[in-house]
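Heads up: numbering here begins at 1 and tracks the sequence.
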Amino acid sequence: MAEILVYVDHVDGAVRKPTLELLTLARRLGEPVAVALGNGAADTAAALAEHGAVKVLTADAPEFAEYLVVPKVEALQAAYEAVSPAAVLVPSSAENKEIAARLAVRIGSGIITDAVDLEAGDEGPVATQSAFAASFTTKSRVSKGTPVITVKPNSAPVEAAPAAGAVEALPVSFSEKAHGTKVTSRTPRESTGRPELTEAAIVVSGGRGVNGAENFAIIEALADSLGAAVGASRAAVDAGWYPHSNQVGQTGKSVSPQLYIASGISGAIQHRAGMQTSKTIVAINKDAEAPIFDLVDYGVVGDLFDVVPQLTEEVKTRKG
């Protein structure tokens, strides 16, 4: 069976959920071989093996932390040359898409970004994507070289499938280019205790209808009752009501959770482009003619200041 290279997204050995989802997709195509780089890489093996990795290639070097993406590209290229996989899968993020693109150029292959599903085809993996602000769904495949595919978070379930997970050291020789851009400082992002927006299974977002930064407290309360991430529309972040890092939309972050709750958001195409692939969409808006209602699975016509607190209390009550 063909081997499928899976790039591991982890934090000091703790494997992030999108990588485990990739292993589910990789098993549809062949045998997953995981590539873990940086501090704690070897510590990822147990979780990766539990979710289907037949082999785990690990490498750690100061370059992975001290320089930008080129060292990771060269390590992934070394793994590609060692394995000769049928495809390379990478969790979709800003940095990872740059890694994937650079790898594709180096190995002379086509690339597909932000896939939301993968299936085996007669001529290689077939990727499903959302196009034109999620107005269309397309299926495509790479016609040249080994497919390099980035996959959006929440595109597949996390499924346990124990495998050997044999750990092997990955030899990597860094070129002069790998030392071209050095990281001079890092500032840890302040933790909110909530899930990462792009990875969350549930997202609760607020828009212009929230009518002020102080009113985002009711959005946060609902999110916390559900264990959800908090998002915001462009109108809300442009007004300074919520951080830009939480913006959902075409010029913000794209999310694809199991449940998306939009409160006080009209549903402009800019916002829809970032959340339209959510599995279930609920909207709360007092304007019955708001465009968001054309998109949703469930809609509530009402004042969010009445509806959202009641929903929060109901969730808390049902959770006991």
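Both Tyr298 and Val308 are part of a single hydrophobic cluster, where members link through side-chain heavy atoms under 4.5 Å apart. One hydrophobic cluster holds both Ile107 and Leu37 under the rule that ILVMFWY side chains link at heavy-atom gaps under 4.5 Å. Criterion: ILVMFWY side-chain heavy atoms under 4.5 Å apart, direct or through other members. Under it, Leu222 and Ile218 are part of a common hydrophobic cluster. By the rule that hydrophobic residues join a cluster once side-chain heavy atoms approach within less than 4.5 Å of another member, Met275 and Val237 end up as members of separate clusters. Under a hydrophobic clustering in which Ile, Leu, Val, Met, Phe, Trp and Tyr are joined whenever their side-chain heavy atoms come within less than 4.5 Å, directly or via other members, Leu5 and Val167 fall into different clusters.
Contact check for Pro18 versus Glu199: side-chain heavy atoms found under the 4.5 Å cut-off. Between Val6 and Val33, the closest side-chain pair of non-hydrogen atoms is not below 4.5 Å. At a threshold of 4.5 Å between non-hydrogen side-chain atoms, the residues Val204 and Leu226 count as touching. Side-chain contact check for Arg27 versus Pro32: some heavy-atom pair is nearer than 4.5 Å. By the 4.5 Å heavy-atom criterion applied to side chains, Glu63 and Lys72 are not counted as neighbours. Thr150 places a side-chain heavy atom less than 4.5 Å from the side chain of Asp114. Considering only heavy atoms from C-beta on, Val151 stays 4.5 Å or farther from Glu21 through its side chain. Contact of the Leu48 side chain with the His51 side chain is not registered, since no non-hydrogen atoms from C-beta on lie closer than 4.5 Å.
Without hydrogens or angle criteria, Ser254 side chain to Gly274 main chain gives no donor-acceptor distance under 3.5 Å. Judged purely by atom type and a 3.5 angstrom limit, Asn215 uses its side chain to pair as donor or acceptor with the backbone of Asn211. A donor-acceptor contact shorter than 3.5 Å links the side chain of His271 to the backbone of Val248. Asn285 places a side-chain N or O within 3.5 Å of a backbone atom of Ile265 that can act as its donor or acceptor partner. A donor-acceptor pair under 3.5 Å is absent between the side-chain atoms of Asp9 and the main chain of Arg16, judged by distance alone. Although no hydrogens or angles enter the test, the distance criterion places no donor-acceptor pair under 3.5 Å between the side chain of Ser263 and the main chain of Ile284. Side chain of Ser278 to backbone of Ile281: no donor-acceptor contact under 3.5 angstrom is found. Put simply, the side chain of Asn154 gets close to the backbone of Ala200: a donor and an acceptor are under 3.5 Å apart.
Residue Lys182 qualifies as enclosed at atom NZ: its count of foreign heavy atoms under 6.0 Å is above 12. By the neighbour-count criterion of 12 heavy atoms within 6.0 Å, atom NZ of Lys97 is densely surrounded, having more than that number from other residues, nucleotides or ligands. Heavy-atom neighbours of Glu176 CD from other residues, nucleotides or ligands within 6.0 Å: at or below the threshold of 12. Residue Glu289 places its CD atom among 12 or fewer non-hydrogen atoms of other residues, nucleotides or ligands, all under 6.0 Å distant. Around CZ of Arg194, the count of heavy atoms belonging to other residues, nucleotides or ligands within 6.0 Å exceeds 12. Around NZ of Lys177, the count of heavy atoms belonging to other residues, nucleotides or ligands within 6.0 Å does not exceed 12.
With Glu98 as the partner, the side-chain contact (heavy atoms from CB on, under 4.5 Å) test is satisfied by one option alone out of Leu103, Leu68, Val73, Val69: Val69.
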Test side-chain contact (heavy atoms from CB on, under 4.5 Å) applied to Lys279 and Ser256, step by step = CA-CA 7 Å; Lys279 307 305 182 291; Ser256 188; 3.3 Å; yes
request  = Dump the intermediate steps for side-chain hydrogen bond (donor to acceptor under 3.5 Å, both in side chains) on Lys152 and Thr198, then the final yes or no.
outcome  = CA-CA 8 Å; Lys152 293 178 69 171; Thr198 56; over 6 Å; no
task = Decide side-chain contact (heavy atoms from CB on, under 4.5 Å) for Val88 and Ile149; before the verdict, give the C-alpha distance in whole Å, the side-chain angles of both, and the deciding distance to 0.1 Å.
result = CA-CA 6 Å; Val88 180; Ile149 304 172; over 6 Å; no
Worked check of side-chain hydrogen bond (donor to acceptor under 3.5 Å, both in side chains) between Glu74 and Ser175 = CA-CA 8 Å; Glu74 295 189 344; Ser175 70; 2.4 Å; yes
request  = Would you sort out whether Val230 and Ile219 count as a side-chain contact (heavy atoms from CB on, under 4.5 Å), showing the intermediate values?
outcome  = CA-CA 7 Å; Val230 175; Ile219 304 298; 4.2 Å; yes
ask   = For Leu197 and Val255, what are the C-alpha separation, side-chain angles and deciding distance, and is it a side-chain contact (heavy atoms from CB on, under 4.5 Å)?
value = CA-CA 7 Å; Leu197 180 60; Val255 300; 3.9 Å; yes
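Distance CD1/Ile269 to CG/Leu295: 9.0 Å, rounded to 0.5 Å. Once rounded to the nearest 0.5 Å, the distance linking OG of Ser233 with CG of Asp238 reads 8.5 Å. Atom CD1 of Ile202 is separated from atom CD1 of Ile261 by 7.0 Å, given to the nearest 0.5 angstrom. Going from atom CZ of Phe174 over to atom CZ of Phe64 covers 4.0 Å, rounded to the nearest 0.5 Å. The distance from the CG atom of Leu23 to the CG atom of Leu89 is 9.0 Å, given to the nearest 0.5 Å. Distance check, rounded to the nearest 0.5 Å: CD1 of Ile4 to CZ of Arg28 gives 12.5 Å.
For the 3.5 Å distance criterion, the side chains of Tyr260 and Ser205 qualify, holding a donor opposite an acceptor. A donor and an acceptor atom, one from each side chain of Asp297 and Thr280, are nowhere located under 3.5 Å apart. No donor-acceptor contact under 3.5 angstrom links the side chains of Thr58 and Glu168, judged on distance only. A side-chain donor-acceptor contact under 3.5 Å links Ser140 and Gln129.
Counting all heavy atoms, side chain and backbone alike, Ser130 lies closest to Thr277 at OG-CG2, 2.9 Å. Considering all non-hydrogen atoms of both residues, Phe216 and Ala232 come closest at CZ-CB, 4.0 Å. Nearest heavy-atom pair, Gly240 versus Ala213, reported as atom, atom and distance to 0.1 Å: O-CB, 4.4 Å. Across all their heavy atoms, Ile111 and Val142 have their closest contact at N-CG2, 4.1 Å. Closest of all the heavy-atom pairs between Asp117 and Leu25 is OD1-CD2, 4.0 Å. When all heavy atoms are compared, the tightest approach of Val70 to Arg106 is CG1-NH2, 3.8 Å.
Scored by the side chain to side chain contact (heavy atoms under 4.5 Å, CB included) test, Gln270 finds Arg234, Gln247, Gln250, Thr251 as partners (sequence neighbours excluded). Listed by chain and number, the residues in a side-chain hydrogen bond (donor to acceptor under 3.5 Å, both in side chains) with Thr138 amount to none (sequence neighbours excluded).
Residue pairs meeting the salt bridge (Lys or Arg N to Asp or Glu O under 4.0 Å) criterion with at least one member in residues 304-320, sequence neighbours excluded, are Glu314-Arg318.
One finds no salt bridge joining Glu31 and Lys55 here, because no Lys/Arg side-chain nitrogen approaches an Asp/Glu carboxylate oxygen to under 4.0 Å.
Ring centers of Tyr7 and Tyr80: at least 6.0 Å apart, outside the cut-off.
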